[in-house]
Amino acid sequence: MKNRSYMLPYYYKKVGWIMLVCTPVFFVLGLLAFRWELIANMHSRYLTMILYMMLFAGIFMVVLSEEKEEDEMIMSIRRNSVSLTALVVFVLYIAASLTIAFAEGFRSLQFSGIYRFHAIISNIMTPLLIYLAIFRFMIWRLRRQCKEDNA
């Protein structure tokens, strides 16, 4: 039976990184354009959504692209990264939920920042970013260790 790979080809990683780098640049240029009123404010929500989708697509491409040399070790690192990501996101979500539950007991205090943090954790992009950071760190650590072993 042939093993199927649901990963994107390697060249999508380059496209994804370009999109990830260009999105903040376009965001800053958009802020300047709105400040100078080159673009009407009624169109800002469409541009913001386009930038958000561009950021999401870039992260998606980077995370789901194959490495140049995809082997069993890389697949093992991917599995470990997914497990560690699930653990980190779970702990963050529980901590934010407990903080909100604790804060609700004090009705006179406003904790709007906590609600925003809870929404960020619940967002689909946050686990992808955490996975990307963990996976890249593990790959970097493996390559550094291999370099030290060969030296």
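No experiment lies behind these values; they were computed from the predicted model shown.
Evaluated for a salt bridge (Lys or Arg N to Asp or Glu O under 4.0 Å) with Arg78, the options Glu70, Glu66, Glu72 yield exactly one hit, Glu70.
Met75 and Val82 fall into different hydrophobic clusters, where Ile, Leu, Val, Met, Phe, Trp and Tyr side chains are chained together by heavy-atom contacts under 4.5 Å.
Atoms SG and CZ, from Cys146 and Arg143 in turn, are 9.0 Å apart once rounded to the nearest 0.5 Å. Rounding to the nearest 0.5 angstrom, the gap separating the CZ atom in Arg144 from the CZ atom in Arg141 is 8.5 Å.
A 4.5 Å side-chain heavy-atom check between Ile130 and Leu92 finds at least one atom pair inside the cut-off. Contact annotation: the side chain of Ile74 approaches that of Ile139 to within less than 4.5 Å [non-hydrogen atoms, C-beta and beyond].
As a member of the Ile/Leu/Val/Met/Phe/Trp/Tyr network built from side-chain separations under 4.5 Å, Trp140 groups with Phe137. Other residues sharing a hydrophobic cluster with Met7 under the 4.5 Å side-chain heavy-atom criterion for ILVMFWY residues do not exist; the residue is a singleton.
For the salt bridge (charged side-chain N to carboxylate O under 4.0 Å, His left out) condition, no pair includes a residue of residues 125-135, sequence neighbours left out. Sorted by first then second residue, the salt bridge (charged side-chain N to carboxylate O under 4.0 Å, His left out) pairs that include residues 86-103, not counting sequence neighbours, number zero. For residues 80-94, there are no salt bridge (charged side-chain N to carboxylate O under 4.0 Å, His left out) pairs, not counting sequence neighbours.
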Anything under 3.5 Å between a donor and an acceptor, one on a side chain of residues 9-33, the other on a protein residue two or more places apart or in another chain? List them.
{"unit_1": "Lys13", "atom_1": "NZ", "unit_2": "Val62", "atom_2": "O", "d": "3.2"}
{"unit_1": "Lys13", "atom_1": "NZ", "unit_2": "Glu67", "atom_2": "OE2", "d": "3.2"}
{"unit_1": "Thr23", "atom_1": "OG1", "unit_2": "Met19", "atom_2": "O", "d": "2.6"}

Under 3.5 Å, sequence neighbours excluded: what are the donor-acceptor pairs made by side chains of residues 83-91?
{"unit_1": "Ser83", "atom_1": "OG", "unit_2": "Arg79", "atom_2": "O", "d": "3.1"}
{"unit_1": "Thr85", "atom_1": "OG1", "unit_2": "Ser81", "atom_2": "O", "d": "2.6"}

Indicate every side-chain donor-acceptor pair of residues 50-61 with a distance under 3.5 Å to a residue at least two apart or in another chain.
{"unit_1": "Tyr52", "atom_1": "OH", "unit_2": "Asn123", "atom_2": "OD1", "d": "3.2"}
{"unit_1": "Tyr52", "atom_1": "OH", "unit_2": "Asn123", "atom_2": "ND2", "d": "3.2"}

